[in-house]
There are 2 protein chains.
Amino acid sequence: MIISLDGRLIDYTTLTLMNFPINKLSELRTLLKTNKIDAYIISSTDPHLGEYVPDHWRIISWLTGFTGSAATVVVTDTFAGLWTDSRYFIQAEKQLKDSGFILVKPEVPSKNDISDWLEVNVAPGSRIGLDGRIFSIQRFRKLEKIFQGKNIIIDIESDLISEIWTDRPALSTSPAFDFPVKYCGKERSEKITEVRDLMKRAGADYHLLTSSDDIMWLLNIRGNDLKYSPLLSSFAIIDQDQILLFAEETKIPFRLAMEFDKLGIVLLPYEETAGILSSIEEGSTLLLTPSLTSAELYNSVPAGVRKIEDTSIPAILKSVKNKTEIQNIALAMVKDGVALTKFFYWLEGNSGKLKTSELTLAEKLTCFRAEQENYFGQSFSPIVAWKANGALPHYSATVDSDTVIDGNGLLLIDSGGQYFEGTTDITRTIAIGRPTMQQIKDFTLVLKGHINLSLAKFPRGIRGFHLDILARKFLWENGLNYGHGTGHGVGFFLNVHEGPQNIGPAAGSDSGAVFVPGMLTSNEPALYREGEYGIRIENLILCSEDVETQFGKFLKFDTVSLCYIDKNLIDVSLLDEKELDWLNNYHSNVYEKLSQFLTEEERDWLKGKTSIV
Amino acid sequence: MIISLDGRLIDYTTLTLMNFPINKLSELRTLLKTNKIDAYIISSTDPHLGEYVPDHWRIISWLTGFTGSAATVVVTDTFAGLWTDSRYFIQAEKQLKDSGFILVKPEVPSKNDISDWLEVNVAPGSRIGLDGRIFSIQRFRKLEKIFQGKNIIIDIESDLISEIWTDRPALSTSPAFDFPVKYCGKERSEKITEVRDLMKRAGADYHLLTSSDDIMWLLNIRGNDLKYSPLLSSFAIIDQDQILLFAEETKIPFRLAMEFDKLGIVLLPYEETAGILSSIEEGSTLLLTPSLTSAELYNSVPAGVRKIEDTSIPAILKSVKNKTEIQNIALAMVKDGVALTKFFYWLEGNSGKLKTSELTLAEKLTCFRAEQENYFGQSFSPIVAWKANGALPHYSATVDSDTVIDGNGLLLIDSGGQYFEGTTDITRTIAIGRPTMQQIKDFTLVLKGHINLSLAKFPRGIRGFHLDILARKFLWENGLNYGHGTGHGVGFFLNVHEGPQNIGPAAGSDSGAVFVPGMLTSNEPALYREGEYGIRIENLILCSEDVETQFGKFLKFDTVSLCYIDKNLIDVSLLDEKELDWLNNYHSNVYEKLSQFLTEEERDWLKGKTSIV
């Protein structure tokens, strides 16, 4: 699964057609008038400001019909506009038809945000409304800057949607569950001590956690509030004595609550987070992450509390997988590889016999994964893209776009699973029928990039933007490129996109962390020929120690994903010895690790797929 | 010539032994008392805050005996300390002996600055003195931050040195001279128009230029005020109507002054810069570079003038060499290559016969360069380093350290010239006698990095930190590395270190500019084995257009330096086909371009040195 060039996340949520009455907009406008609001701004995030959002918070989708993952909406008495990034322009124009909303395309593509519009169109003295629960304080500060000196009031407690969204989906009531140490490798008490030690070092009396994944990691629990990530929507405040956990009480099983009690973890209602924050004593110090803390929560902290703004401590700690997690990841990779192998065997056997489509293949693949022990669900909406659909990097088949797999072509499949032993994410591109010379050359160039990133050795201190060229070099030498990042961090039975490290050209303040042994990252170079086909090869790579010399400690990557790479698409003459060795070793490892879990027929078939070139 | 890993510049100024009476310090302390100053801070820069400093401004060297290029000194009634970076520690300890100054080594090596000491040791209510002419406003702001809330006064008009430095070297009186368009390729009037257009786009009414090299480029003049860069020390203020040039009137020849007059370039005394800045009308906008503008000049600008803080417009424009400059660079490279070839031919013929040392070789090489037409001088102090001396990347032979070239070993020579046709900078490492297996392997790995960076192809938008790994990859794969940057920008008959682009691992706000066709940069991977030898291979590479495809415009590098690479140090079996091709093509180009300027003996010798491997 891929992320965009500038590090923003791409979502593959299945696009569904929705019905929307235009009168939602007029109802909203009526409320604007009643509440004396001149412009109302809506964000596509939820109170945790992360990548995944439960249906309850998909306000923009409900209001406008646009189902893309990232958007902002502004509504005034005479204007209703939606901003999103360029990858969604075609989709947005289609979905916004007859909604009353227009798509606002900025003149400069990178400036896909509402600032310019607001600066020009909001008159001095206006009153702006927004729901401060779903706007980060970082974003709110930008708004404040735009409106500086214009005598504009921003009402951040303006929730106009709840009143008009009558059939709003309820939030999940699924209970959280204990995530045993045999999977996660470290007692919650130990993790809490580590976090508290680092808080002391940072000089923080309190640490506010707003990302549910941070809390899941810290407390060794998981939940079921989101479709693809096993999260319990929650907030937490840590100090040296206790942890306040803000979540629905009914979602915490009794046995877990007892365990929590022993460790000084106090359960409080989810809605009380702001109230408790407001009672922090002046003069104390609070560590928080401004991009992930809502304006509501931030503003409830008394002004006399000193704030340290930084990445959360659990976010940094959880990116480094421990020994048990690493051992479990190896198990998860075998399961995932077995499911994929069975799927590809089945596909080859039935290709041309059964009528298959992108959607039916996605379902079939999910079934194979579901057969595996400790499988919990998909880690994201799978991408099965046939021919030209594969050239849309963020494509996800819908009932409308679903294409029948027919004739010769390239099939790109990007999918992943959540297992108790870890989160997987893998992409394979295979040829159905006889591939063209150009397809073979393209695939081989992408593969060379994939292999060379896998083989990277580097000293401590290196970040993703240093390594990115290894995956692109061979494409660049041929005037080719791909428009997204090369790799994203992956959680452990948590989010499939989970930093702070990444691999891509973007550098700067959010440029990804330094690589450290134990970090799990995707390696997914690609090539997209518009209207023709897409190629992407993705494995997960685990950072580990290499040699130590007088020149320092060196690191390397170990490829952990297990699935054959289609040899029909490889021009062996373009690979050098080192690359050939990598391919043959990888294939021999795939066969060795997976064959015992396959039927005899599958095994023989895999033997051929992984034979030496 | 190399720059440090974090982008700071390394200076190779020949270390000279100086006599210093300890009473300089007591004289300074007497002045502290008289002026009621509790702590006096001295910087190693001059009013232009660049890399090179005339002797007149080498206050620290005069006061303490320490001759390194970058240092800060703090003197109080009871303390006299010097801060410099770790590469100078050994030298500083030696040179500071008996000076009354101690070397302050920070606990964390990267924190080699005075902030921590000042924070702890300067009592609230103190009065600090410094000469605001040689402190950038950027640096001054950091000081202010440290002293915030401590009721500390910083007197930035405190020049205590002039009073006690009685035999201070005078500033140069060498005249500036016109730099003809046949060399620099563009009329000054045209450059001025370009800068004014960009000022308009940036919304700047005035543009303050504090770097003499910016002014040299803009006005098509050169000077002779510094040892290695052909600069006239000057400031300038540009608006849409005129250019105020602040320089010694006597240094501008009459004919040049007449030319300037026609273009509205007004000559004013160097010392009046601050006074004129103070008369800029409130409400107007001034573009300046905070890291290169002294606190004195910055503070003289009225508070009501809006400041845009950014890289100067000439700094950006001059980094992109024009067609004429590029043609001239090719000529300069031939001259430089001829000088080097003649030198290496002479060296090989006389090796073991004449008694040579690092210093005599440096002199001899300079003589060969001086024979070339339009040679103006050295572009930096040459590094000739024999055996273990080569392992000190910033080594420069002194009368004390000078080593006789004797027996077998590696000789590293990093040198460059200033020609009217451009600035050169080249490093070669050659074997004298029979090299060891380890030397050959090391050299070949460095060469592989050098070749792969030369061969880089990349889309627009790429910066030096993206490309750096290409030069290091083969070393990293063998647990090796070098502790400095891979490349620095090079001026055109200006500074040998001249950004804004560079190649190195450092990323962030000063991370180097995006590569653009016309940028000239060094490519100098290296390896240093302490106590044994150093290897560095440096050519200059010029960025140029490669192909344009549906995936965008691609760029490449053309290697422009011309000198054979010692084949005795290459293990051909470690080079792949592409690398071998590069080497053979490079050598054939070297021979083709240089042979006509050599004697028959030299030509035959070069034929052998550049024959196909």
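Because the structure is predicted, anything quoted here is derived from the model rather than measured. Lettering of chains follows the sequences in order, A, B, ..., and the numbering in each one begins at 1.
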Heavy-atom neighbours of Lys441(B) NZ exceed 12 at 6.0 Å: no

Side-chain heavy atoms of Arg529(B) within contact of Phe551(A), under 4.5 Å: yes

Heavy-atom side-chain contact between Phe458(A) and Glu477(B) under 4.5 Å: no

Atom pair CD1/NZ of Ile469(B) and Lys473(A) - distance to nearest 0.5 Å: 10.5 Å

Atom CD of Glu282(B): over 12 foreign heavy atoms under 6.0 Å: yes

Per-residue contact mode, Leu527(A) against chain B (heavy atom under 4.5 angstrom): side chain

Interchain contact, Phe554(B) with chain A, by part (heavy-atom threshold 4.5 Å): side chain

Side-chain heavy atoms of Trp476(A) within contact of Ile462(B), under 4.5 Å: yes

Contact class of Leu470(A) relative to chain B, heavy atoms under 4.5 angstrom: side chain

Side-chain donor/acceptor of His466(A) to backbone N/O of His466(B), under 3.5 Å: no

Heavy atoms of other groups near Glu577(B) CD, more than 12 under 6.0 Å: no

Heavy atoms of other groups near Glu530(A) CD, more than 12 under 6.0 Å: no

Which atoms of Asn481(A) approach chain B - backbone, side chain, both or neither, heavy atom under 4.5 Å: both

Contact origin within Gln550(A) toward chain B - heavy atom pairs under 4.5 Å: side chain

